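What follows is a set of notes on a single structure, which appears directly below.
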2 protein chains.
Amino acid sequence: MTIKDIARQCGVSVSTVSRVLNDRPDVSPENRRKVLSAIQRSNYIPNNTARDLVKTKSDAIGLVVRGVSNPFYTDIIRVIEEQVTARGYTLVMQQIGTCDDEVKRGAMMEREKRLRGLILLGGRSDYTPQELAPLNIPYVCCSYDNQYGTLPPDSYASVSIADEEEACRAVTELYRCGHRRIAALVSGTEDRSISQLRYQGYVRALAAHGLPLEQELVIEAGSFDIRQSYLAMQRRLLAGAQFTALFAISDNMAIGAMRALREAGRRIPEDCSVIAIDGLTVSDYINPTLTTLCQPMEHMGRRSVEILLDMVEHRGGPIRETAHTTLRTGESVRDIS
Amino acid sequence: MTIKDIARQCGVSVSTVSRVLNDRPDVSPENRRKVLSAIQRSNYIPNNTARDLVKTKSDAIGLVVRGVSNPFYTDIIRVIEEQVTARGYTLVMQQIGTCDDEVKRGAMMEREKRLRGLILLGGRSDYTPQELAPLNIPYVCCSYDNQYGTLPPDSYASVSIADEEEACRAVTELYRCGHRRIAALVSGTEDRSISQLRYQGYVRALAAHGLPLEQELVIEAGSFDIRQSYLAMQRRLLAGAQFTALFAISDNMAIGAMRALREAGRRIPEDCSVIAIDGLTVSDYINPTLTTLCQPMEHMGRRSVEILLDMVEHRGGPIRETAHTTLRTGESVRDIS
DNA sequence: CTGAAAGCGCTAACAA
DNA sequence: TTGTTAGCGCTTTCAG
């Protein structure tokens, strides 16, 4: 079933059919009606491939997700998919491991799939202009920024929270509750990702409140994985680390650590308070419910798509947007002041 | 940069270039070398759109995910994406709400994106041949079967666990531990989805052990949502339901219910044991860790892709495969016998 | 308002 | 082993 068949059925030319297909005004009402009903009747759907070919562009938006197992992304992906589809584009998603290069992958997709735009969900925060050069299409960094890189600030688009600041806020919240020995659970302290940023927020908060930075209280899991977090915390507890509160850079990691704390006989929040950043749905149901700074995932996903399509459709340039978190108070933090 | 440019550069015809592009044997070593180096040099990448058009088929595999927020799917999606990409195809994913029609959506995608095959992740279990008729490409049902439908058993492919049987096994496990008043938390008892299947496993187990089926102990959340599960359980507890154990049809729902139990002052597992089906990663870290029948998600995702591509590449027909769960013993079930 | 015809970039006969 | 050429299904001038 092609445009030709429809044309024949209606006794008009393919151009006329094409016109009604593309909602052009220059078609007589009568012909439009005829064509429309023929399309309906024969269940015809235009061949996108042919369309893309002649228009020398596709309707594909790429999504490269880094660090797949991260449940934080699930909701954002949903929103992105929804928005992209709603705006008439097609989402092509690829997931990559934490060690892969999202830019290289994005550039490959750009050419192979003739992408119109690219969303990078999670990634490194230290791009150089050279690294990004292979990307010839608009892109937006979702949920991270380029804090450590050398991209000119107005040359790229991003939607993220102020990681350092929010981490500082989380730690300050613990401080406000009287905690003075506050541990931090991070992926890495110098991995050039949000882990480092949030770690620095922790460092800044300690400094701001006149607390010493102790290596004993910095726990590196080496990844954002729940199991690695569990194991790292277990090791550190075995080593006898003493603290009354824990700041975890992500909900998922907090959940892993909480099991280790529990197993070591440390009650939460009686013996140890826990606060995190992300705001996973499940965090509000675990025992105890987790106090966390919720990222506005819905908003972030939507804005990423909006900003990207604005660029794709030449309605706007690269915008860097900072979203704000909301404190969701759970049962995991105790005021000991 | 097109195939023509390359041809001109090398002083050969487009067909020759096309031949080396497609790794055909009938090209002289010299020409092949020339073309290859020209391609390299000019950083040329073939236009997939044009390829797809002439071959009247694409390299796209569709994935329709129903019930987006279900964390159970996250891992499977990852595996599916990995496998599909590894085999040289492109994954096009669309998520739909629980009320949307996955077949209709799949059929649309088939035509718009010229899909080669389709994976349906989650869906109804009561398709009729008429409903599936719009689908003219191979498809496989992942994580569910067509128990309630009228599709000829050898006409469709699926990879799933034996939901009813596994549910029966879960409930029997509770029975074995001495429980006699066992509640069930389901989405719906007659929703023609895995919820109904697992509910029937519950019913069968009760019958097998001579226990009465009591309406008071059947809790319908109306969805697979964690919050709805929490609220449903809360309502039922308020109504004064008495039971010593709970069988939840999914981990996610169990987690929601556990909070309600906790808040009602019922300790797990001392006052109420909980068992579920799915085996989410997070379930092994919550407090108490959840006893659950783990679905082999990795395996199921991989097999779905394998079976689908076997059909797409005409290497095999529709296969229905049943995977088996593994009991992961957590702390949520207590032996009271 | 309508139709004929020229491509979009590529593949695959078919001929040479 | 090569090149020529006819499409794949659609959009878009350009005439009428």
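Here is the naming used below: chain letters follow the sequence lines, and residue numbers restart at 1 for every chain. Please read these numbers as outputs of a predicted model, since none were measured by experiment.
Summarising the geometry, the separation between CD1 on B:I3 and P on C:dA12 is reported as 11 Å, rounded to the nearest angstrom. Atom CE of B:M1 is separated from atom P of C:dC8 by 15 Å (rounded to the nearest Å). Remark: C1' of C:dT11 and CG of B:D23 are 15 Å apart, rounded to the nearest angstrom. The nearest whole Å value for the distance from the CZ atom in A:R8 to the C1' atom in D:dG9 is 13 Å. What separates CG of A:N22 from C1' of D:dT13 is a distance of 14 Å, to the nearest Å. To the nearest angstrom, P of C:dG3 lies 15 Å from NZ of A:K4. Rounded to a whole Å, the CG atom of A:D59 is 15 Å from the P atom of D:dC10.
One finds a salt bridge joining A:R19 and A:D26 here, because a Lys/Arg side-chain nitrogen approaches an Asp/Glu carboxylate oxygen to under 4.0 Å. No salt bridge links A:R78 with A:E81; every basic N to acidic carboxylate O contact stays at or beyond 4.0 Å.
Using modelled atom types, no side-chain atom of A:D75 and backbone atom of A:M297 make a donor-acceptor pair closer than 3.5 Å. Side-chain N or O atoms of A:E102 include one that pairs as donor or acceptor with a backbone N or O of A:R124 at under 3.5 Å. Remark: side-chain polar atoms of A:D145 are not paired, donor with acceptor, to backbone N or O of A:S160 under 3.5 angstrom. The backbone N or O of B:R24 sits nowhere less than 3.5 Å from a side-chain atom of B:N22 that would complete a donor-acceptor pair.
To the nearest 0.5 angstrom, B:L121 atom CG is 5.0 Å from B:S143 atom OG. Distance check, rounded to the nearest 0.5 Å: SG of B:C141 to CD1 of B:I119 gives 10.5 Å. Going from atom CG of B:L308 over to atom CD1 of B:I61 covers 5.0 Å, rounded to the nearest 0.5 Å. How far CD1 of B:I6 is from OG1 of B:T16: 13.0 Å, rounded to the nearest 0.5 Å. Rounding to the nearest 0.5 Å places CE of B:M300 at 4.5 Å from CD of B:Q295.
Across all their heavy atoms, A:P153 and A:R320 have their closest contact at O-CD, 3.0 Å.
For A:T16, the side-chain atoms get nearest to C:dT2 when compared with the rest of D:dC10, D:dT2, C:dT2.
Residue A:S15 places a side-chain atom within donor-acceptor reach of the base of C:dA4, judged by atom type and a 3.5 Å distance cut-off alone.
At the heavy-atom level, A:R114 lies nowhere under 4.0 Å from the strands shown. Nucleic acid contact for A:S18: base, since at least one base atom lies under 4.0 Å from a heavy atom of the residue.
Taking a 4.0 Å limit (strictly below) on heavy-atom distances, residues 37-55 of chain A reaches DNA chain D at A:Y44, A:P46, A:N47, A:A50, A:R51, A:V54. For the contact set between residues 26-34 of chain B and DNA chain D, defined by any heavy atom under 4.0 Å, the members are B:D26, B:V27, B:S28, B:N31.
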For nucleotides 14-16 of chain D, which of its nitrogen or oxygen atoms have a protein nitrogen or oxygen under 3.5 Å away, and what is each distance?
none

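Between B:S13 and D:dG3 there is a side-chain N or O to OP1 or OP2 distance below 4.0 Å.
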